[in-house]
Structures are given as structure tokens and as C-alpha cells.
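Report on the following structure.
Remember, predicted model here, so these are calculated numbers, not experimental data. What you see below is based on every heavy atom in this structure, not just the backbone, and it leaves out hydrogens, waters and symmetry mates.
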Amino acid sequence: MVVLTNETELLTCGLNRNGQLGRETQEVDYVCISPRSPRRKEDQDHSHFDAMCRLTPSLLQDPDITQIAAGGEHTFVVTASGKMFAFGQGNHGQIGADGAHGDRDMEHEFVPVEVPLEQAVRE
């Protein structure tokens, strides 16, 4: 899950196996995964799901963030100036970053990268 606060802070929680939360590591917050998810650890207490879920800041923090689009494997962020940033699975070009095909280093997907665009993104 990706949340943009009123103060334009980008917060995330949940699975992060492909870097889709924009954190430096593959850390997964299993507490924030739905009690119905098959990936949720069986030995955790599900009764306090809402109270235990903690949102964590993404590496990308920009006061000009205006839009976010989050999918299961990658996330896109747009700023007021029309720049687009992406993080997550990009081994087949999904995030549009340079080198985002088979030769892409998996570690780089965890750090938000600017997507090269010919024109600025508009609403």
C-alpha cells in the first residue's frame, strides 16, 4: 500500500519483495498484510491488524508529489513539475528506467529512479 499524506509525505506498508515500496531493502512488514493473504505468517495475531500496521516513509520524499499509482510489483510517482519516478520490478522494462531489461541490477529497483520522458507528465 502506498499513501500520500496531506503534507505530501509518501508512506508505504506491506510486501516489498520487488522494491515496490521504495525502500532500500526487501524488508516485508508481515503485520500489514491482510489476515486473508496466503503470504501472512500463520503465527501472528490477526486480531489487531489495523492497530499494528505501521506506515513507513518511502525513500522518495518530494514536497511536489501530486500523483501516485501503485500496483502489485511497482509504483509510479509524479511531481508538480511533471517528472515521473518509479520503483519496483523492472527487469522487463515495466518501470521505464534506463537499463530496465534483463541486464538491470535488482538492487537499483529498490531505490526510486527518474523515468526519462520526452515531455513532462500532465494531469
Side-chain angles (χ1 to χ4, degrees):
M1 175 170 64
V2 182
V3 175
L4 184 61
T5 68
N6 289 336
E7 293 80 28
T8 67
E9 184 176 20
L10 196 63
L11 303 174
T12 63
C13 69
L15 286 175
N16 192 40
R17 68 177 173 264
N18 294 308
Q20 63 267 41
L21 300 182
R23 300 177 187 169
E24 283 185 286
T25 67
Q26 282 184 302
E27 174 191 358
V28 174
D29 184 0
Y30 284 101
V31 174
C32 289
I33 299 172
S34 169
R36 296 184 208 167
S37 172
R39 291 195 171 94
R40 184 161 176 127
K41 291 185 176 177
E42 292 296 324
D43 60 346
Q44 290 191 327
D45 179 8
H46 303 314
S47 62
H48 304 305
F49 173 70
D50 292 332
M52 293 187 307
C53 187
R54 61 179 165 77
L55 292 167
T56 304
S58 170
L59 289 175
L60 181 62
Q61 296 297 323
D62 186 323
D64 291 331
I65 294 174
T66 59
Q67 299 177 54
I68 55 174
E73 307 300 334
H74 39 268
T75 301
F76 292 88
V77 176
V78 176
T79 66
S81 63
K83 290 184 178 182
M84 180 182 288
F85 296 88
F87 36 97
Q89 187 174 16
N91 57 331
H92 296 291
Q94 303 96 304
I95 61 174
D98 289 334
H101 298 283
D103 59 344
R104 185 164 176 77
D105 182 359
M106 293 294 285
E107 185 176 345
H108 293 288
E109 297 169 4
F110 294 88
V111 178
V113 294
E114 186 172 352
V115 179
L117 302 171
E118 291 183 20
Q119 295 180 334
V121 176
R122 294 181 280 170
E123 289 188 31

### Query
Is Val121 reachable from Ile68 through a run of hydrophobic residues whose side-chain heavy atoms are each under 4.5 Å from the next?
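No, Ile68 does not connect to Val121 through the hydrophobic network.
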[atom1] of [X] to [atom2] of [Y]: how many Å apart, nearest 0.5 Å?
{"X": "Thr79", "Y": "Ile65", "atom1": "OG1", "atom2": "CD1", "answer": "8.0 Å"}
{"X": "Met84", "Y": "Leu117", "atom1": "CE", "atom2": "CG", "answer": "5.5 Å"}
{"X": "Thr75", "Y": "Leu60", "atom1": "OG1", "atom2": "CG", "answer": "10.5 Å"}

Are the side chain of [X] and the backbone of [Y] linked by a donor-acceptor contact shorter than 3.5 Å?
{"X": "Gln61", "Y": "Leu10", "result": "yes"}
{"X": "Asp62", "Y": "Asp64", "result": "yes"}
{"X": "Glu7", "Y": "Thr5", "result": "no"}
{"X": "Thr12", "Y": "Val2", "result": "no"}

Which heavy atom of [X] sits nearest a heavy atom of [Y], and at what distance?
{"X": "Leu59", "Y": "Pro112", "value": "CB-CD, 3.9 Å"}
{"X": "Ile95", "Y": "Gly88", "value": "CD1-O, 4.1 Å"}
{"X": "Thr56", "Y": "Arg23", "value": "CB-NH2, 3.3 Å"}
{"X": "Ala120", "Y": "Ser81", "value": "CB-O, 3.8 Å"}
{"X": "Gln20", "Y": "His74", "value": "CB-N, 3.7 Å"}

### Query
Taking side chain as C-beta onward, heavy atoms only, is Phe87 less than 4.5 Å from Val77?
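Yes, side chains in contact.
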